[in-house]
Amino acid sequence: MIEAKEVKITGLVQGVGFRPFIYRLAHKHHLKGFVENNNLGVRVIVEGNKDDLNNFTNDIIPESPQASSIEHINSKEITVRHFDSFVIEKSTSVSDAVTEVSPDISVCPDCLNDMKHQERRIDYPFTNCTNCGPRFTIIKDLPYDRAKTTMLEFEMCPECKKEYTNVLDRRFHAQPVACKNCGPEYTLYYKGQMIKEIDTITDLCCNLLEQNKIVAIKGLGGYHLACSAFHDKTIRQLREQKNREGKPFALMFRDLNAAEEYLFIDKEEKELLTGWRKPITLLKIKKELAPSISINLNTVGAMLPYMPFHYLLFDKLNIPAIVLTSGNISDEPIVINNDEALEKLGNISEAVITYNRDIHNRTDDSVAMVANKKSRVIRRSRSYAPSPVRLNLDAEGIFAAGAELVNCFCIGKGNQAIMSQHIGDLKNLETLDFYTESAQRFERLFRFKPEVVACDMHPDYLSTRYAKRLGLPIVETQHHHAHIASCMAEHKLDEDVIGLSFDGTGYGDDGYIWGGEFFICNLNDYERMAHFEYIPQPGGDLVTKQPWRMMLSYLYHYFGHDVLTTHARLFNGLPSRETEMVLSMIEKKINCPLTSSAGRLFDAVAALIDVCKTAAYHAEPPMRLESVATDSALHYSYESGSVIKMKKTFEGIIDDLNQHVDTGMISGKFHNTVVSIIVDQVRRISEQTKIKKVVLSGGSFQNRILLKKVEDTLNDSTFAIFSQSDVPSNDGGIALGQLAIAAKRRALGLI
Ligand code: ZN
Ligand code: ZN
Ligand code: FE
């Protein structure tokens with residue numbers, strides 16, 4: 001007897017080859033009906049006999065495409081309509097198609113297998129299928145179709161065409177489908193030669209890497225620079241050439257086994273590292289690699305191969321790991337253009353390996369970590385962008401400009417927030433161009449027409465200036481409110497919460513620099529309940545490079561103007577001319593904006609215990625402080641209230657230093673002090689307001705010790721704690737918060 005079922009599947013099921021998968025599954029189980037996308041996910045109508053119907057629904061989860069992620073499957077019996085076939089209903093409107101711009105997906109096991117056995121694809125480095133391959137990086141326009149990607153110029157051979165048009169084939173409508181006979185190819189430039197044979201290219205590349213040379217290799221979203229992860233001299237040379245003094249380099253390991261030999265990898269970290277997104281994953285070092293990879297840190301960013309070329313390379317390479325860092329100079333955007341690569345990276349590297357398919361949308365490798373058993377995105381780019389974040393609010397037509405330093409912007413389509421890939425520091429001219437170009441591309445690609453613009457209150461942010469030039473109704477958001485709103489949006493919260501925003505720098509209502517803030521807030525509004533005591537920040541932004549300036553400022557504030565003599569030992573190694581100059585700046589209040597930033601407090605303590613008196617890259621002092629910390633149950637004293645005063649903490653640390661307490665222990669105690677302050681404040685604010693939901697955001701919550709201890713301590717019974725996972729808690733996630741605030745204010749009729 002024929003029965004009929006309606007199956008509704010929600011989650012990440014659009015733009016990931018889900019409908020063809022359902023088609024093949026329905027066919028396998030002799031079912032008829034159709035599959036379509038709707039605004040909640042995928043809807044399937046199937047008819048057939050009872051056993052087939054059950055087998056069909058049972059197979060959906062275990063056999064689903066790797067890039068999909070199913071939240072719910074709901075199935076119910078319906079009346080039989082007697083379909084005579086099974087079909088895929090096409091998306092009817094462009095707004096449906098918008099959600100189908102898939103992120104790039106790392107090469108799948110089936111394709112790797114084809115590269116060993118399928119004649120047209122033996123060692124072919126552009127092998128892909130519906131379940132894997134480039135997507136966002138090659139797409140120029142919608143609807144997603146080969147002609148609208150950078151695959152346009154490669155005409156399919158008859159065999160590829162057959163796969164592409166056969167709905168039962170794994171490559172059905174895989175837009176970048178290609179083989180040796182018709183697809184793109186690699187070229188290696190080396191000492192005036194141009195080599196096109198893939199086998200020779202990988203041979204030569206391995207030789208060069210094994211001989212400790214630097215090689216530029218075109219990746220999925222941009223060029224990389226590669227060298228052995230075991231030869232410190234080459235790595236130092238790479239630092240010099242790239243003009244990158246201290247910021248850690250990412251590694252690529254041959255496989256999980258190789259990575260496990262050198263790194264500690266727990267269950268959650270393994271899932272993150274080996275999942276289809278293959279982000280750079282921050283992991284603790286077990287066995288030493290070259291010290292210059294991540295100087296003075298106990299962690300390193302590691303990833304596994306994700307392009308066919310990476311696999312071909314490691315098949316032959318006699319070293320288990322290479323440095324694989326973005327192909328750029330200093331803070332410029334990663335190079336994507338072949339001519340530019342030869343010109344700019346050719347000087348740095350011994351050879352340049354390129355291919356003739358264009359990268360349309362530049363995307364860096366994403367960076368993620370596990371903190372308190374949950375994965376946390378730190379840089380959201382390749383394989384994450386442009387996956388939307390679903391909201392409970394209508395965000396149509398809202399453009400959120402983001403922050404300044406690790407900028408991402410965000411657009412609203414219906415109830416979806418689409419975050420851009422990681423853009424970078426807008427103060428760099430080329431990066432600002434990349435921002436403007438990407439914003440325009442998102443408008444075209446997603447058929448987006450901005451009606452309202454949200455931006456930071458900071459008048460000098462280049463993103464704010466860009467937003468204001470659009471000449472549309474504008475919503476200015478306070479930086480830390482936007483951080484909390486970003487986390488609220490991620491968790492679909494739309495109510496009063498206790499919001500903690502800890503980070504480096506953000507423009508406050510009073511014109512001072514905020515960054516250690518306790519709010520009660522909702523998506524529309526906020527009230528500042530407590531903050532760290534204001535301390536002068538001598539030289540403004542310069543303190544991020546010279547954290548000792550914050551140390552001096554705190555010491556001056558708590559111990560008076562003789563601090564350079566009374567605490568002389570703490571200034572060992574710093575030129576007295578400079579310390580005296582900074583002291584006089586503080587005394588005369590010259591270029592000393594006031595700050596309540598938690599980041600600056602961490603800077604001061606890192607300098608004080610001498611783990612980082614000067615910094616080579618953004619956020620180095622707190623990273624080093626976290627890296628040295630040993631576990632302890634102790635903490636220092638402090639004065640809590642609506643203004644949190646740290647004098648007793650500084651006295652405690654100096655006492656410990658005088659008694660030669662180990663710096664790891666001091667750092668551990670300092671972390672506990674901040675945790676204790678947070679717990680006190682949350683309890684106090686909750687007693688006053690009866691609010692039990694606590695939202696944590698801001699770059700300081702990338703500190704794993706801080707995040708874990710705060711969550712564990714507060715999560716006992718009384719409170720529900722929300723922290724960021726899919727969207728960065730640093731300024732890279734702020735555009736989502738700006739968008740949510742603007743959407744809420746519009747819904748309330750305030751715009
Ligand atoms: Zn595949
Ligand atoms: Zn072909
Ligand atoms: Fe921030």
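First listed ligand is number 1; within each ligand, the first listed atom is number 1. Both backbone and side-chain heavy atoms feed into the values below; hydrogens, waters and symmetry mates do not. Note that the numbering runs from 1 along the sequence shown for the chain.
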I want to check something: taking the side chain as every heavy atom from C-beta on, are Ile685 and Ile520 in contact at a cut-off of under 4.5 Å?
yes
Given SG of Cys108 on one side and SG of Cys111 on the other, what angle do they make at the Zn ion (ligand 1), to 10°?
110°
I need the NE2(His479)-the Fe ion (ligand 3)-OD2(Asp503) angle, rounded to 10 degrees.
110°
So does His483 have any N/O/S atom less than 2.8 Å away from the Fe ion (ligand 3)?
yes
Validation row: Asn407, Phe434 side chains within 4.5 angstrom (heavy atoms):
no
How about Lys161: does its NZ atom have over 12 heavy atoms from other parts shown lying under 6.0 Å from it?
no
Test of geometry: compute the angle SG(Cys179)-the Zn ion (ligand 2)-SG(Cys160) and round it to 10°.
100°
Which N/O/S atom belongs to Asp731 and is the closest one to the Fe ion (ligand 3)?
OD1
Test ring-ring contact (aromatic ring centres under 6.0 Å, His included), reference Phe502, set Phe519, Phe518, Phe602, output is Phe518
The Zn ion (ligand 1): angle it makes with SG (Cys129) and SG (Cys132), nearest 10 degrees
120°
Flag for Gln175-Tyr164: side-chain donor and acceptor within less than 3.5 Å
yes
